[in-house]
Amino acid sequence: LKQGRVTEISHNGKMLPGQAAPRPAVVNDEVRPGTAVHTGDESRTELTFADLTIARLGANTIFSFNEAQRSIDLSSGAVLLRVPKNSGGAKINTAAVTAAITGTTMLAEYHANKVYKFVMLEGTATICPAHGSGECVHLGPEQMLTGVPGKAVGQPVTVDLKGLGRRSQLSERLRPAGWRDATPRH
């Protein structure tokens, strides 16, 4: 995850580059470490990275990433993250929990002091409390984990991906150009 590009914007998004003033995001904007992307109300933005990792940001999401650790920081909002197999995986960090994922597609949602949710569309993840206190939970395909920040990590439940796909705007057209078998198998 060295750098990415904005590949799609629905409504509006903002680039929040390090020390510079926020500015509207446009298709083909480069997204580098130290730059956050913020989506507005009823907005979505898609980022594509050089290794074909795809991050789709839902409305009111703040997203940034760390190149050295192959990690993304989800300060708030929702992201659908598609990491190609054999790419080294990635981590999704929130203030409450961290999800280590490998060759997978995951939907993650975090709202400070309210709720977090992780849904595995394919692949696996290990979800641990952010501050190392408590047990980690393994999440497999078609499983969901929800919880409240500050409480123990619970156990995953099975989720109906077909129904979820119909309700999630982030999973629309999940087959980006250049990918094969990008949709989960049922």
Side-chain angles (χ1 to χ4, degrees), residues 1 8-16 22 25 31 34-47 53-66 69-83 89-101 104-172 174 184:
L1 297 177
E8 187 175 316
I9 298 174
S10 174
H11 293 274
N12 63 56
K14 288 184 183 171
M15 302 295 288
L16 308 173
V31 181
T35 298
V37 179
H38 181 237
T39 58
D41 291 341
E42 298 188 32
S43 297
R44 292 186 320 240
T45 299
E46 180 180 89
L47 311 174
T53 293
I54 293 175
R56 290 185 175 172
L57 315 181
N60 299 311
T61 296
I62 301 173
F63 170 98
S64 61
F65 70 97
N66 179 316
Q69 299 175 351
R70 285 193 58 82
S71 66
I72 65 164
D73 295 317
L74 183 60
S75 299
S76 65
V79 62
L80 182 127
L81 187 66
R82 174 95 168 106
V83 180
K91 283 185 181 178
I92 299 175
N93 299 315
T94 72
V97 293
T98 297
I101 59 178
T104 192
T105 304
M106 171 185 266
L107 180 62
E109 187 172 347
Y110 174 73
H111 302 283
N113 302 318
K114 293 181 183 173
V115 68
Y116 60 84
K117 176 171 37 174
F118 293 90
V119 180
M120 293 301 303
L121 303 179
E122 61 182 1
T124 60
T126 301
I127 300 173
C128 301
H131 304 292
S133 59
E135 297 288 321
C136 295
V137 173
H138 298 285
L139 206 57
E142 301 184 24
Q143 288 189 318
M144 176 175 68
L145 178 71
T146 61
V148 176
K151 299 209 175 183
V153 176
Q155 291 300 309
V157 296
T158 301
V159 65
D160 173 19
L161 292 182
K162 197 178 243 183
L164 177 70
R166 285 191 300 267
R167 294 187 305 270
S168 175
Q169 292 179 343
L170 293 178
S171 65
E172 285 178 359
L174 191 55

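Treat the numbers as computed from the prediction; the structure is a model and nothing was measured.
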Return the NZ to OG1 distance between K117 and T146, rounded to the nearest 0.5 Å.
8.0 Å
Could you check whether any side-chain heavy atom of N12 comes within less than 4.5 Å of a side-chain heavy atom of K14, counting everything from C-beta outward?
no
When you measure from the side chain of T61 to the backbone N and O of A78, does any donor-acceptor pair fall under 3.5 Å?
yes
Non-neighbouring partners of D41 that pass side-chain hydrogen bond (donor to acceptor under 3.5 Å, both in side chains), sequence neighbours left out:
N60
Is any side-chain heavy atom of E109 closer than 4.5 Å to one of H111?
yes
Does any non-hydrogen side-chain atom of M15 lie less than 4.5 Å from one of T35?
yes
Do the non-hydrogen side-chain atoms of F63 and I92 ever get within less than 4.5 Å of each other?
no
Could you check if a side-chain atom of T126 sits within less than 4.5 angstrom of a side-chain atom of I101, using non-hydrogen atoms only?
no
Roughly how far apart are Q155 CD and H138 NE2, rounded to 0.5 Å?
10.0 Å
Could you please spell out the steps behind the side chain to side chain contact (heavy atoms under 4.5 Å, CB included) verdict for K91 and I72?
CA-CA 6 Å; K91 283 185 181 178; I72 65 164; over 6 Å; no
Should F65 and V31 count as side-chain neighbours, where that means a heavy-atom distance under 4.5 Å?
yes
Checking T39 side chain against G58 main chain: does a donor-acceptor pair fall under 3.5 Å?
yes
Student check: side-chain heavy atoms of M144 and F118 closer than 4.5 Å:
no
Are any side-chain N or O atoms of R70 and backbone N or O atoms of G89, one a donor and one an acceptor, separated by less than 3.5 Å?
yes
Does any part of the side chain of L81, heavy atoms only, come nearer than 4.5 Å to the side chain of T105, both counted from C-beta?
no
Supply the atom-to-atom distance H38 NE2 to S76 OG, rounded to the nearest 0.5 angstrom.
6.0 Å
